[in-house]
Amino acid sequence: QVQLVESGGGLVETGSSLGLSCIASGLPFDSYAMAWFRQAPGKDREFVAAINGGGGIQYYSDSMKGRSAISRDNSVNTMYLTVRNIQPTDTAVYYCAADRRSGGATLKAAQYDYWGQGTQVTVSS
């Protein structure tokens with residue numbers, strides 16, 4: 001069975017940096033594009049960043065450009081997200097997602113085939 005497990009969330013202070021990880025199992029990891037989404041209370045799920053199967057192509061939301069980095073290590077089936085200068089508006093549940101089309105790296109949540117359970121990120125103000 002496919003499993004995506006996020007980790008790294010928690011309570012962080014405004015202005016600090018945060019690293020999230022997503023460990024995948026049960027799928028050919030390098031054949032899947034991967035992405036991070038987030039959902040704040042009362043809001044729709046929002047695209048954060050995406051990366052193609054090989055890792056050479058990345059996309060970022062406007063709010064993440066310049067202060068975040070998405071990466072992956074296919075040898076250990078893991079995707080990462082680092083966020084610098086984190087803000088209270090970043091508070092949300094962050095989800096890992098996998099798209100069976102390795103070149104997809106789409107910003108549309110509906111195109112992803114598998115999802116993790118999410119990890120809560122709370123930024124104190």
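None of these values were measured; they are calculated from a predicted model. Reckoned from all heavy atoms, side chains included, excluding hydrogens, waters and symmetry mates.
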Shortest non-hydrogen contact between [X] and [Y], atoms and distance:
X     : Y      : value
Ile23 : Thr78  : CG1-OG1, 3.8 Å
Ser68 : Leu81  : CB-CD1, 4.4 Å
Leu20 : Val121 : CD2-CG2, 4.2 Å
Ala98 : Leu27  : CB-CD1, 4.1 Å

If you measure from [atom1] on [X] to [atom2] on [Y], what distance do you get to the nearest 0.5 Å?
X      : Y      : atom1 : atom2 : result
Asn52  : Gln58  : CG    : CD    : 7.5 Å
Gln111 : Asp99  : CD    : CG    : 6.5 Å
Leu18  : Leu11  : CG    : CG    : 10.5 Å
Met79  : Ile70  : CE    : CD1   : 5.0 Å
Met34  : Ser102 : CE    : OG    : 12.5 Å
Cys22  : Asn77  : SG    : CG    : 10.0 Å

Under the rule for side-chain contact (heavy atoms from CB on, under 4.5 Å), what residues qualify as partners of [X], not counting sequence neighbours?
X     : result
Ala50 : Ala35, Phe47, Ala105, Tyr112
Arg45 : Phe37, Gln39, Tyr95, Trp115
Asp73 : Ser75, Val76, Tyr80
Val5  : Gln117

Is there a side-chain contact between [X] and [Y], using heavy atoms and a 4.5 Å cut-off?
X      : Y     : answer
Trp36  : Cys96 : yes
Gln120 : Thr91 : yes
Tyr114 : Gln3  : no
Arg72  : Asn74 : yes

Would Leu107 and Tyr94 show up in the same hydrophobic cluster when neighbours are defined by side-chain heavy atoms closer than 4.5 Å? no
Do any pairs count as a salt bridge (charged side-chain N to carboxylate O under 4.0 Å, His left out) and have a residue in residues 80-93, sequence neighbours left out, and if so which ones? Arg38-Asp90, Arg67-Asp90
Counting only N and O atoms by type, is there a donor-acceptor contact under 3.5 Å from the side chain of Glu6 to the main-chain atoms of Thr119? no
Residue pairs involving residues 10-19 (criterion side-chain hydrogen bond (donor to acceptor under 3.5 Å, both in side chains); sequence neighbours excluded): none
